[in-house]
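Start at 1 and go down the list; that is how both ligands and their atoms are numbered.
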Amino acid sequence: MIKIYAPASIGNINVGFDILGAAISPKNGTSLGDYITITPSDTLKIKNIGRFAFQLPKNMKKNIVWKCWKHFRKIIKTNTSVKITLEKNMPIGSGLGSSACSIVATLVAMNQFFNKPLNAIELLNIMGIIEGEISGEPHYDNVAPSYYGGLQLVINEDNFISQEIPFFKNWIWIVAWPGINISTSSARSILPMQYDKNTCIEHSRLLSGFIHASHTQQENLAIKLMKDIIAEPYRMQLIPHFLEMKQKILNIGAINFGISGSGPTIFVICNKISIANNISHWLQKNYLKNANGFVHICELDILGARNIEV
Ligand code: HSE
């Protein structure tokens with residue numbers, strides 16, 4: 001029996017649309033990610049359990065796990081069947097890399113079950129392709145951190161799919177999901193097809209400056225550069241009172257605020273736990289729309305996908 005956990009992630013992190021992502025873990029030990037268990041079986045069986053299993057499609061062939069199984073099985077040319085249990089702890093369409101959690105956990109578990117026929121690059125490639133089938137376009141900013149852990153910069157050049165970027169160890173990451181869903185494909189469809197020259201130059205400046213500031217550990221410079229000029233101006237209409245909320249949270253003492261992936265989860269960065277607690281309380285009270293929603297105070301998850309003892 002193989003059991004794998006893959007953590008949630010924040011895509012884009014304001015400054016790196018589609019190419020920067022961070023894996024996260026709540027500081028209080030709550031599991032914010034999906035688990036996959038694989039056991040031998042005479043026929044393919046897929047079982048869904050977990051808090052958000054009710055959001056999964058009833059048709060097995062529409063389940064991400066089935067898509068992963070189909071791809072993997074074709075590549076390694078096997079007829080062996082398995083039973084796959086998905087513990088779906090992540091809400092779908094939340095902006096926390098929910099599909100990536102399922103894809104990463106399934107492919108890592110299958111690869112282990114079949115004695116590692118694929119290497120890390122091959123696995124990550126398939127993860128990006130399946131993510132693309134679900135969201136409309138391939139993007140690695142959730143699968144790469146969920147697989148490798150930490151802060152990942154997607155390079156996607158030959159075998160350099162993703163590279164780890166040093167992060168600021170004192171940063172505390174808060175995520176707040178209001179309890180409603182936005183599909184990644186619809187949040188992508190509202191973005192412009194083209195950006196003007198000044199926006200391209202500004203985006204290059206912000207992103208390259210942020211990567212430089214991370215490598216040289218210049219915290220204040222990194223914070224100043226973490227601006228989203230690609231997605232936020234268009235996606236903020238999907239989040240009621242976005243600008244007022246941003247101002248409020250920065251006033252409480254956050255050092256950064258933005259949309260996590262395609263939303264509606266928002267993320268906040270602080271460097272003092274007292275401020276993080278105040279912001280977490282404010283978000284609990286003001287941003288959650290129903291009892292499904294949650295707020296977590298997190299740190300970066302440096303382990304990424306991992307084996308769980310069973
Ligand atoms: N980079 C992707 C987007 C992440 O913003 O559309 C999706 O979670």
Q: Using a strict 4.0 Å cut-off to heavy atoms of His139, name the atoms of ligand 1 that fall inside it.
A: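 What qualifies from ligand 1 is 2 (C), 4 (C), 7 (C).
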
Q: Using distance alone, with no hydrogens and no angle criterion, decide if Ser102 and Asp34 have a side-chain donor and acceptor under 3.5 Å apart.
A: yes

Q: Any idea which part of Asp141 is under 4.0 Å from ligand 1, heavy-atom wise: side chain, backbone, both or neither?
A: side chain

Q: Against ligand 1, does Ser262 come closer than 4.0 Å with any heavy atom?
A: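 In this structure, Ser262 qualifies as a contact of ligand 1 - some heavy atom is under 4.0 Å.
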
Q: Taking the side chain as every heavy atom from C-beta outward, state whether Glu131 and Asn142 have any atom pair closer than 4.5 Å.
A: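 Result yes, sub-4.5 Å side-chain heavy-atom pair found.
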
Q: Show me, pair by pair, the donor-acceptor contacts under 3.5 angstrom made by side chains of residues 302-310, not counting sequence neighbours?
A:
unit_1, atom_1, unit_2, atom_2, d
Arg306, NH1, Asp301, OD1, 2.9
Arg306, NH1, Asp301, OD2, 3.0
Arg306, NH1, Gly304, O, 2.7
Arg306, NH2, Asp301, OD2, 2.9
Asn307, OD1, Gln112, NE2, 2.9
Asn307, ND2, Gln112, OE1, 2.8

Q: Which salt bridge (Lys or Arg N to Asp or Glu O under 4.0 Å) pairs, counting each pair once, include a residue from residues 246-260, with sequence neighbours left out?
A: Glu232-Lys246

Q: At less than 4.0 angstrom from any non-hydrogen atom of Asn142, what atoms of ligand 1 do you find?
A: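 Reading through ligand 1 atom by atom, the close ones are 4 (C), 7 (C), 8 (O).
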
Q: What about Thr184: any of its N or O atoms under 3.5 Å from an N or O on ligand 1?
A: no

Q: Would you please say whether a donor-acceptor pair under 3.5 Å links the side chains of Asp196 and Thr199?
A: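 The answer is yes; a qualifying pair exists.
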
Q: What is the nearest protein non-hydrogen atom to atom 3 (C) of ligand 1, stated with its residue, atom name and distance?
A: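 Answer, as residue, atom name and distance: Arg188 NH1, 3.3 Å.
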
Q: Distance under 4.0 Å to a non-hydrogen atom of Gly261: what atoms of ligand 1 satisfy this?
A: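 Answer for ligand 1: 4 (C), 5 (O), 8 (O).
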
Q: Show me which atoms of ligand 1 lie under 4.0 Å from any heavy atom of Asp18.
A: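 It comes down to these atoms of ligand 1: 1 (N), 2 (C), 3 (C).
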
Q: When the ring centroid of Phe210 is compared with that of His212, is the distance short of 6.0 Å?
A: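 Distance test on ring centres: not under 6.0 Å, no.
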
Q: Where does Arg235 meet ligand 1, judged by heavy-atom distances below 4.0 Å: at the side chain, the backbone, both, or neither?
A: side chain

Q: If you take all heavy atoms of Ser280 and Ile174, which pair is closest and at what distance?
A: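 Scanning both residues completely, I find the closest heavy atoms to be N-CD1, 4.4 Å.
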
